Amino acid sequence: MALNHLTLLRPLLLLRQVRPALVAASRLQAPLSHPPAATCSRLYATKKAKAKTKGQAAKVNLNSALVEDIISLDEVRADMAAVLSALKDDFTRSLSIRTSPGALDHIVVTTQSGKFPLNQLGQISMKSPQIIMVNMSSFPEATAAATRALRESSMNLNPEVDGTIIKVPVPKVTREHRENLAKLAKQLSNKAKDSLRKVRSGAVTQAKRAKEGHSEDTVRLVEKQIQQLSDNFTADIDKQLAAKTKELLG
């Protein structure tokens, strides 16, 4: 009777021995429901890389030969650079603080022989912090013209002539004067931006006229390149204005 009972219990005993092994094996083979942290970070980095690549793809990049068939971007760039250069000249010519001899260098003197910068006709130096001296002994015949150019400049100067020496009293630089110059700098920069927009508009019009023989998508990409050039030079104008304003207001 006991032997028969053991015989009946043997399958149950074997099942208890095998079950733990099966459970352990299943745990080793079961897929992870949540990937490790390292895997998550790797996937996240991949998404960032794709986003960065997508952003770079937005930049316009066409075959240069194809672009030249539509418009010369070098000429457009040169025209825009000329606008920026003219603004720098305006800043130098119209926005001087008048505290150094170099403040008079840009003044153009009109003579019978042509137009010349004042520093090419006379020797400019500081006699004192309040007086700038212009020695016209090298070109005495241009003394009257130089005096007139100083008086008619936008710097509110009242020169005095003593033979071939021109004495230029330096007006006191007030806070109000500095602020007025800063406002003028803003006006000049806005004028430069208007000129820049005219260059861009003319270039875009020229590109649109070249649609024959080129796809609309190609012409549109060329227009985007023109816009990129305009945006870059506009940023340069803003930088020039910020630097000049800081210089004027101190």
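Counting from 1, the numbers follow the sequence of the chain as shown. As the structure is a prediction and not an experimental result, all values here were calculated from the model.
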Fill in: Derivation and outcome, side-chain contact (heavy atoms from CB on, under 4.5 Å), residues Arg200 and Gln227
CA-CA 7 Å; Arg200 182 203 63 197; Gln227 183 62 51; 3.3 Å; yes
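- When all heavy atoms of Val134 and Gly122 are compared, the closest pair comes out as CG1-CA, 4.3 Å.
- Contact check on Glu179 versus Arg175 returns a salt bridge, with a Lys/Arg side-chain nitrogen under 4.0 Å from an Asp/Glu carboxylate oxygen.
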Worksheet entry | Audit row: Val83, Phe233, side-chain contact (heavy atoms from CB on, under 4.5 Å) steps and yes/no | CA-CA 9 Å; Val83 172; Phe233 278 100; over 6 Å; no
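- Cluster annotation: Phe139 is connected to Leu150 through the hydrophobic network of ILVMFWY side chains, with a link wherever side-chain heavy atoms come within less than 4.5 Å.
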Worksheet entry | Pair Leu248-Lys244, side-chain contact (heavy atoms from CB on, under 4.5 Å): steps then yes or no | CA-CA 6 Å; Leu248 293 172; Lys244 178 56 71 171; 3.9 Å; yes
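- In this structure a side-chain-to-backbone donor-acceptor pair under 3.5 Å is missing from Ser85 to Ala81.
- Between the side chain of Arg151 and the backbone N or O of Asn158, no donor-acceptor pair lies under 3.5 Å.
- A donor-acceptor contact closer than 3.5 angstrom is absent between the side chains of Asp236 and Gln240.
- Nearest heavy atoms, Leu104 versus Leu157: CD2-CD1, 3.8 Å.
- Taking the charged nitrogens against the carboxylate oxygens, Arg220 and Glu223 have no contact shorter than 4.0 Å, which rules out a salt bridge.
- Taking all atoms of both residues into account, the shortest heavy-atom contact from Ile166 to Ala146 is CD1-CB, 3.9 Å.
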Discussion item. Using the rule given for salt bridge (Lys or Arg N to Asp or Glu O under 4.0 Å), can you reason through Asp90 versus Lys191, listing the C-alpha separation, both sets of side-chain angles and the distance that settles it, and then say yes or no?
Written reply: CA-CA 11 Å; Asp90 285 341; Lys191 181 180 177 182; 5.5 Å; no
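- Rounded to the nearest 0.5 angstrom, Ser189 OG and Leu87 CG are separated by 6.5 Å.
- Residues Ile71 and Val76 share a closest heavy-atom pair of CD1-CG2, 3.8 Å.
- Annotation: the span from Leu241 atom CG to Ile237 atom CD1 amounts to 9.5 Å, rounded to 0.5 Å.
- For the pair Thr234 (side chain) and Ser230 (backbone), a donor-acceptor distance under 3.5 Å is present.
- Of the N and O atoms on the side chains of Ser72 and Asp74, not one donor lies less than 3.5 Å from an acceptor on the other residue.
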